[in-house]
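So that we are looking at the same thing, I have put the structure below in structure tokens.
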Amino acid sequence: MGRVERVNTPAVIAERLRVEGYALMPDFLVDEQVEHLRQQVAGHQGKAGDRGLLDHSWCSDLGDLIRSDPRAYPSLPLDARAVQCALFVKSRAINWLVPLHQDLTVPLAKWVDTPMYSAWSRKEGELFAQAPVELLRELLAVRVHLDDCRESNGALRVVPGTHRGGRLSSAQSRGERAARGERVVAVPRGSLMLMKPLLLHASSKATLDGPRRVLHFLFGPAQLPGGAQWRTRERLPATAALPG
Ligand SMILES: O=C(O)CCC(=O)C(=O)O
């Protein structure tokens, strides 16, 4: 796996997130739990996967486990809730890349008549809009890695510190990358990568066989500005619980 930072205290994680915009939380899941989750996602594999995974109790339970972990808790928004979980599967057979970008969109229950939200769209039947920067600063993405992830199988490349610059134009993003440089974030299976959505990030195509599976959660505060509401989640019947 090469060099992997073993950051693991709540204070170090919070400080890394504040300064660099990302932090690792190693050894969050044991092998048995990773295997269980691999089985749960087996029916869902696709390019950018399902965005509606939170309707499944295995997924919302995993969100609860993250939310209540003392290492993650201090870095989450006030009264945090998981508002989205997408599965990202990448391999030589299902290959894709994402260019440098910030995550600006959030899933909302319904359209609201305010200029605070923009660029409304529908994906897989769900409503999304670009959120105001004050809200984007509060959000936290948590990536649960179900496989060892390194440069050769599509690890994220980030431009550290760029989450502090607010929304960046394409030219500003390229300028930040040229000035600060990119960092490849290798993450072992069973570990978490915590990331501020405004952090500039990209990922390359995989050059290895075998899938790189990531469950990408988004955590937000209970209350949204401008009268907006998060999409309410269905709760599908539980199948098997995550081994303890
Ligand atoms: O998982 C990946 O490789 C990229 C995902 C990503 O860029 C995103 O969620 O915005």
Side-chain angles (χ1 to χ4, degrees), residues 1 17 20-25 28 34 37-38 41 44-54 59 62-63 66 82-107 119 121 123-124 126 128-131 133 135-160 162-163 165-168 170 173-174 176-177 182-220:
M1 281 292 299
L17 277 168
E20 309 221 288
Y22 76 99
L24 297 194
M25 223 172 96
F28 177 71
V34 171
L37 291 170
R38 286 175 175 176
V41 303
H44 294 279
Q45 302 193 350
K47 183 195 158 195
D50 299 56
R51 290 189 158 71
L53 290 180
L54 273 178
C59 188
L62 181 59
I66 296 168
V83 297
Q84 182 175 295
C85 180
L87 171 68
F88 292 113
V89 184
K90 186 185 291 195
S91 68
R92 269 222 298 226
I94 317 167
N95 226 343
W96 46 280
L97 56 81
V98 278
L100 195 67
H101 69 287
Q102 300 173 298
D103 289 339
L104 303 175
T105 58
V106 292
S121 62
K123 283 182 218 148
E124 296 160 18
E126 291 194 21
F128 292 85
Q130 291 194 0
V133 77
L135 174 60
L136 293 170
R137 284 190 212 280
E138 272 190 76
L139 305 179
L140 184 70
V142 178
R143 291 167 60 87
V144 182
H145 283 258
L146 303 185
D147 301 282
D148 287 339
C149 182
R150 63 197 88 186
E151 190 163 15
S152 49
N153 64 350
L156 288 193
R157 292 180 276 113
V158 304
V159 184
T162 44
H163 63 300
R167 286 177 70 138
L168 301 170
S170 306
S173 302
R174 287 194 299 273
E176 288 287 345
R177 176 165 58 186
E182 271 185 348
R183 196 178 290 167
V184 175
V185 187
V187 189
R189 74 171 182 279
S191 300
L192 306 185
M193 176 181 176
L194 281 56
M195 184 178 93
K196 301 299 290 177
L198 283 172
L199 182 73
L200 281 172
H201 60 285
S203 77
S204 307
K205 288 190 173 184
T207 55
L208 292 183
D209 290 328
R212 183 227 66 174
R213 290 158 285 195
V214 174
L215 286 163
H216 184 117
F217 284 83
L218 182 65
F219 288 87

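Atoms within a ligand are numbered from 1 in the order they appear, just like the ligands themselves. One-based numbering along the sequence shown.
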* To do: Could you tell me whether the side chain of His101 and the main chain of Ala202 form a donor-acceptor pair under 3.5 Å?
  =>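 A pair under 3.5 Å: no.
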
* **Protein heavy-atom partner closest to atom 7 (O) of ligand 1 - residue, atom, separation in Å** =>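 Protein heavy atom at minimum distance: His101 CE1, 3.0 Å.
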
* **Carboxylate-amine/guanidinium contact Arg92 Asp209, below 4.0 Å** => yes

* Consider every N or O of Asp103 and every N or O of ligand 1, then say whether any pair is closer than 3.5 Å. => yes

* Asked: In the protein, which heavy atom is nearest to atom 3 (O) of ligand 1, and how far is it?
  ->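 Result for atom 3 (O) of ligand 1: Ser203 OG, 2.7 Å.
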
* At under 4.0 Å between heavy atoms, which part of Arg212 makes contact with ligand 1: side chain, backbone, both or neither? -> side chain

* Counting only N and O atoms by type, is there a donor-acceptor contact under 3.5 Å from the side chain of Gln102 to the main-chain atoms of Leu168? ->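 Confirmed, Gln102 side chain pairs with Leu168 backbone.
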
* **Nearest neighbour in protein (non-hydrogen) for atom 8 (C) of ligand 1** =>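 Answer, as residue, atom name and distance: His201 NE2, 3.6 Å.
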
* Asked: If you round to the nearest 0.5 Å, how far is NE2 of His145 from CG of Leu24?
  ->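 Rounded to the nearest 0.5 Å, the CG-NE2 separation comes out at 8.0 Å.
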
* Asked: Does atom CD of Glu151 have more than 12 heavy-atom neighbours from other groups under 6.0 Å away?
  ->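 It does not: Glu151 CD has 12 such atoms or fewer within range.
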
* **Side-chain donor or acceptor of His201 paired with backbone N/O of Asp103 under 3.5 Å** =>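 A pair under 3.5 Å: no.
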
* Quick one: look at Leu156 and ligand 1, take heavy-atom pairs under 4.0 Å, and tell me if it's side chain, backbone, both or neither. => side chain

* Structure fact -> Within 4.0 Å of some non-hydrogen atom of Val98, the atoms of ligand 1 are 4 (C), 7 (O)

